[in-house]
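Sequence lines set the chain letters: A, B, ... in the order given, protein chains first and strands last, and positions in each chain run from 1.
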Number of protein chains: 2
Amino acid sequence: MPPARRSRTASPSSASGQTDLPALHLTRFLPYRLSVLANTVSHTLAKLYEKRFGITIPEWRIIAVLGGGETMSAGEIAQRTAMDKVQVSRAISRMLDSALILRESGDTDRRKALLTLTPKALAIYAEIVPMALTYEEEVTDALSIDERAQLDTLLSKLQARADQLAARPAPAGAQAEPAGE
Amino acid sequence: MPPARRSRTASPSSASGQTDLPALHLTRFLPYRLSVLANTVSHTLAKLYEKRFGITIPEWRIIAVLGGGETMSAGEIAQRTAMDKVQVSRAISRMLDSALILRESGDTDRRKALLTLTPKALAIYAEIVPMALTYEEEVTDALSIDERAQLDTLLSKLQARADQLAARPAPAGAQAEPAGE
DNA sequence: CCATTTTAGTTTCGTTTGAAACTGTTGCAA
DNA sequence: TTGCAACAGTTTCAAACGAAACTAAAATGG
């Protein structure tokens with residue numbers, strides 16, 4: 001099956017007199033497809049562990065990176081989970097409330113708090129990891145071995161490129177307000 | 001480069017006495033990777049049209065499906081954009097405020113409102129589509145022709161499977177509360 | 001040293017979201 | 001017909017979010 005490149009020249013099917021502009025079909029538009037897929041997957045998984053353990057995605061991510069028993073600072077967690085520090089801060093305070101995490105002020109640098117999972121959280125980790133991996137397998141079961149390798153490659157390449165484009169400063173001369181029609 | 005299947009048996013690197021459970025590295029975990037990638041892409045793109053036209057993602061999606069000049073109901077928009085009806089309802093009311101959309105009560109069924117883009121919105125469509133397609137191309141430029149075809153296939157397969165798993169009723173006997181650990 | 005800047009993390013504020021309740025309309029059935 | 005279930009869309013309310021302001025503790029450097 002060829003990729004069916006979207007036609008750049010066909011006008012929208014309506015007979016309106018609009019200029020002959022490239023059509024865009026949401027269902028073939030990569031950002032849309034990624035968004036829908038990621039949403040479906042995350043949502044399904046989140047419901048699984050919300051139901052079972054009462055934790056949210058940010059909390060799960062923190063458990064995931066600390067699950068080895070390591071200790072690290074909030075900033076380091078933020079980096080490793082790709083969440084921003086506000087999100088991490090909030091998740092941590094929830095986890096303190098539910099006794100999932102332990103915070104001790106750093107000795108040498110009292111700005112950095114050292115965070116460690118409690119045994120309760122480690123127990124959750126032990127249960128949740130197999131669940132998560134099982135779900136991941138169920139999804140990737142839709143693919144052949146080759147395709148899984150392809151997926152790995154593609155996601156890496158796309159992420160690298162997306163990061164690069166995100167870092168690029170916004171094209172100048174684009175403002176919303178003074179759009180004098 | 002082989003896909004480097006995650007080791008199922010190696011214990012976490014820490015020397016703690018935890019049971020020997022499968023490790024999970026977030027950076028190799030599909031739901032996480034999808035979520036981060038989709039987020040990066042959507043965010044970058046959203047900033048682009050937020051800056052240029054002052055519209056949000058839901059609004060952009062509505063413009064995208066109505067861009068051909070067609071008329072449809074809110075429910076149909078919801079289906080086609082994979083947004084839920086609340087989101088659609090809110091986006092529409094914003095678009096009514098900014099004169100991007102036109103709503104007329106259906107004649108035969110007064111529950112269904114017929115929605116059409118205004119010329120102002122069609123003008124935005126004409127400008128935004130090339131921007132969106134350009135961005136998409138910039139991202140997919142990271143891939144070879146073959147890889148683009150692969151991506152198309154993979155996303156379709158994964159979405160189909162994810163939908164299937166999402167529809168499946170939650171596994172019974174999983175409750176958060178009575179975790180008498 | 002003291003003043004300034006940088007870093008780590010938290011708080012605040014306004015917005016966005018999602019689930020559930022609600023309003024109005026139509027279709028169906030006694 | 002009226003009475004009730006199903007449907008289309010909106011509103012409400014509480015939780016979640018992001019940006020920016022803020023606090024506190026190091027690092028820098030005159």
Taken to the nearest 0.5 Å, the spacing of A:L154 CG from B:R148 CZ works out to 11.5 Å
Is there a donor and acceptor pair closer than 3.5 Å between the side chain of B:R103 and the base of D:dG9? no
Here the distance between atom C1' of D:dA15 and atom CD of A:E59, to the nearest Å, is 13 Å
Ordered by number, residues from residues 77-89 of chain A within less than 4.0 Å of DNA chain C (heavy atoms) are A:K85, A:V86, A:S89
* Kindly indicate, with the supporting measurements, whether the criterion side chain to side chain contact (heavy atoms under 4.5 Å, CB included) is fulfilled by B:Q159 and A:V36. => CA-CA 8 Å; B:Q159 184 68 56; A:V36 172; 3.7 Å; yes
Using a 4.0 Å heavy-atom cut-off, does B:S105 contact any base of the nucleic acid, only the sugar-phosphate backbone, or nothing at all? nothing
Separation of D:dT10 atom C1' from B:K112 atom NZ, nearest Å, is 17 Å
Between CD of A:E50 and C1' of C:dT17 the distance, given in whole Å, is 16 Å
Could you tell me whether the side chain of A:R90 has a donor or acceptor atom within less than 3.5 Å of a complementary atom in the base of D:dG18?
yes
Rounded to whole Å, the CZ-P distance (A:R111 to D:dA25) equals 10 Å
B:R111 meets the side-chain hydrogen bond (donor to acceptor under 3.5 Å, both in side chains) criterion, sequence neighbours left out, with B:D109
The reported gap from CD1 in A:I101 to OG1 in A:T116 (rounded to nearest 0.5 angstrom) is 7.5 Å
Hey, is A:R94 close enough to A:E59 for a salt bridge, meaning N to O under 4.0 Å? yes
Taken to the nearest whole Å, NE2/A:H43 to C1'/C:dA19 is 10 Å
Contacts of B:Q87 meeting side-chain hydrogen bond (donor to acceptor under 3.5 Å, both in side chains) (sequence neighbours excluded), chain-then-number -> none
Atom NZ of B:K47 and atom P of D:dG18 are separated, to the nearest Å, by 12 Å
Rounded to whole Å, the CD1-P distance (A:I92 to C:dT10) equals 6 Å
When rounded to whole Å, the CG to C1' distance for the pair A:L115 and C:dA8 reads 12 Å
Taking for B:R94 and for A:S93 the nucleotide of DNA chain C with the nearest heavy atom, the one nearer the 5' end belongs to A:S93
Open item on the list: If hydrophobic clusters are built by linking Ile, Leu, Val, Met, Phe, Trp and Tyr wherever their side-chain heavy atoms come under 4.5 Å apart, do A:V129 and A:L66 end up in the same one?
Closed with: yes
